[in-house]
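Have a look at the structure below before the remarks.
No hydrogens, no waters, no symmetry mates; every other heavy atom, side chains included, goes into these values. Lettering follows sequence order; numbering is per chain, from 1.
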Number of protein chains: 2
Amino acid sequence: MSPCVTCTRRESGFCGAAFRTAPPRPSTNGDQQKFAAVGAGKQLLTQGKSSDYVFVLCAGWAFRYIQVSDGGRQIDRFLLPGDLFSSLSIFEEAPHFSAKALTTVQICGFARAELRERCFDDRELQSVVAQSCLSDGRDAAQLIAILGQCSAEQRIAYLLLHLMRRIAASQVVRERRYPFPLRQQHIADAVGLTPVHVSRVLSLFRERGIVALADGVLEVIDAPALERIGQL
Amino acid sequence: MSPCVTCTRRESGFCGAAFRTAPPRPSTNGDQQKFAAVGAGKQLLTQGKSSDYVFVLCAGWAFRYIQVSDGGRQIDRFLLPGDLFSSLSIFEEAPHFSAKALTTVQICGFARAELRERCFDDRELQSVVAQSCLSDGRDAAQLIAILGQCSAEQRIAYLLLHLMRRIAASQVVRERRYPFPLRQQHIADAVGLTPVHVSRVLSLFRERGIVALADGVLEVIDAPALERIGQL
DNA sequence: CGGTTAATTGATGTGGGTCAAAAGCAGTGG
DNA sequence: CCACTGCTTTTGACCCACATCAATTAACCG
């Protein structure tokens with residue numbers, strides 16, 4: 001079985017569709033590919049620790065973060081099924097971020113050297129990688145703008161909208177209820193606030209009838225209102 | 001004259017060395033390249049406005065920013081001689097940012113279609129582009145962490161260090177005095193603070209004997225102290 | 001010389017942090 | 001079945017880093 005490098009079903013997807021349905025195996029498959037299933041909360045990748053593989057999240061949720069010296073961490077991206085851990089990881093050995101599983105996940109690793117080699121010749125693959133870099137870059141720039149310029153309400157609304165769209169792009173959503181495995185602590189680490197303030201803002205959103213977030217599902221009651229708050 | 005796509009003298013440089021010394025011309029040169037000199041403060045690029053060219057800053061300073069709806073702007077990168085406006089601009093027609101000249105600048109534009117075509121075959125060029133994407137991506141991730149997790153002093157110290165290193169990489173620095181054309185307003189827009197608070201923090205750094213910033217030059221008196229404050 | 005733009009400084013306000021307690025809610029094990 | 005533990009969320013009281021508003025000074029320039 002070879003990596004499905006031409007799959008472009010999801011906007012920023014890499015080979016998600018194939019791997020979401022592929023049976024995960026706990027071990028390596030030659031030198032080309034590795035599969036693994038990992039429990040919720042486990043460390044997947046560590047900042048600066050080099051690896052010869054490029055990883056794709058096949059199932060479950062995960063997140064990338066940067067550790068800061070005072071003990072805090074900044075989550076800079078949530079990973080959904082089909083996502084490359086980082087599009088740039090194809091070009092660098094040691095990631096500039098760490099990653100943790102949010103739920104139980106299945107991941108797949110490709111030998112970087114081989115992938116890179118193919119990148120030189122395969123235009124299709126080049127284009128997929130370029131698209132992935134693009135969407136990564138745009139998301140990063142938006143997050144920078146949000147963190148630098150926006151209030152707590154705007155930050156949280158932005159995050160919810162951003163995730164809603166990504167979830168909706170990859171699966172059918174019924175009755176505006178989105179699967180949402182983040183704890184408030186994760187939201188806090190992603191938007192640069194404290195968990196207690198996140199709780200306050202979410203309560204506020206709830207009593208204003210905008211969104212209700214509980215038990216791992218995000219229910220969007222007044223999407224236009226959320227967009228009014230959370231757009232750049 | 002063809003673009004010097006193989007020049008890798010500066011870490012994140014594109015073809016800076018050649019263009020810094022090349023005589024700028026005010027008009028196009030066939031369909032492949034365009035040169036222009038632009039005055040300080042002028043708009044160079046506008047968010048969402050598509051163009052068929054990929055731009056490189058040949059001389060002077062500029063900055064990229066994202067406009068937010070409430071009137072503020074977030075500067076997400078300062079551009080030094082030799083920098084691509086954005087490494088991702090090779091792959092997208094309309095930039096997700098705007099750009100302005102900080103000083104008088106000289107810029108050079110390459111036809112995107114042609115550059116992209118060459119990218120498919122030319123491994124050297126691919127590698128240069130990949131390196132540029134990498135350093136862009138790492139810088140963005142660091143800025144996200146700084147904005148989300150750090151205090152005003154840390155943010156400003158980080159920005160100063162980051163720029164110091166980039167300046168030092170591209171030119172000789174005498175007596176720890178760095179050319180520094182930013183106004184306090186630019187610093188404020190880059191680190192998500194108000195200009196008056198930037199002024200206060202800089203005064204503090206000055207009276208503590210860490211840095212002195214005046215008249216377009218940044219004098220670093222106690223570099224270790226600055227690093228202690230501004231590292232991630 | 002007045003007019004403009006940048007930097008500084010002071011007084012006061014506030015969004016969000018910190019600290020702490022309580023409440024809800026899985027597990028877990030007797 | 002209930003007590004115990006640990007984790008998450010909520011709520012309240014208080015605090016502080018930074019914003020806001022406003023006045024002053026300095027530099028530059030036609």
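- Put simply, A:T194 has no side-chain N or O that comes within less than 4.0 Å of OP1 or OP2 on C:dG16.
- Comparing D:dT8, C:dA7, D:dT10 by their closest approach to the side chain of B:R183 singles out C:dA7.
- In this model, the phosphate group of C:dA7 is not approached by any side-chain N or O of B:Q185 to a distance below 4.0 Å at OP1 or OP2.
- Contact between the side-chain N/O atoms of B:S199 and the OP1/OP2 oxygens of C:dT8 is found at a separation under 4.0 Å.
- Counting any heavy atom pair closer than 4.0 Å across all strands shown, B:L193 reaches sugar-phosphate atoms only and no base atom.
- Whole-Å rounding puts the B:H197 NE2 to C:dA6 P distance at 20 Å.
- Applying the side chain to side chain donor-acceptor pair (under 3.5 Å) test between B:Y158 and each of B:Q142, B:E153, B:E227 identifies B:Q142 as the sole match.
- Taking the side chain of A:R200 as heavy atoms from C-beta on, and the options D:dT10, C:dT8, D:dA13, the nearest nucleotide is D:dA13.
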task: For A:D222 and A:R208, run salt bridge (charged side-chain N to carboxylate O under 4.0 Å, His left out): C-alpha distance rounded to whole Å, both residues' side-chain angles, the deciding distance at 0.1 Å, then the answer.
output: CA-CA 9 Å; A:D222 188 349; A:R208 281 202 244 149; over 6 Å; no
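- Side chain of B:A152, nearest nucleotide from D:dC18, C:dG17, C:dG16: D:dC18.
- Residue B:D70 qualifies as enclosed at atom CG: its count of foreign heavy atoms under 6.0 Å is above 12.
- The closest donor-acceptor contact from the side chain of B:H186 to the backbone of B:R183 lies under 3.5 Å.
- Looking at heavy-atom distances under 4.0 Å, B:R155 makes no contact with the nucleic acid at all.
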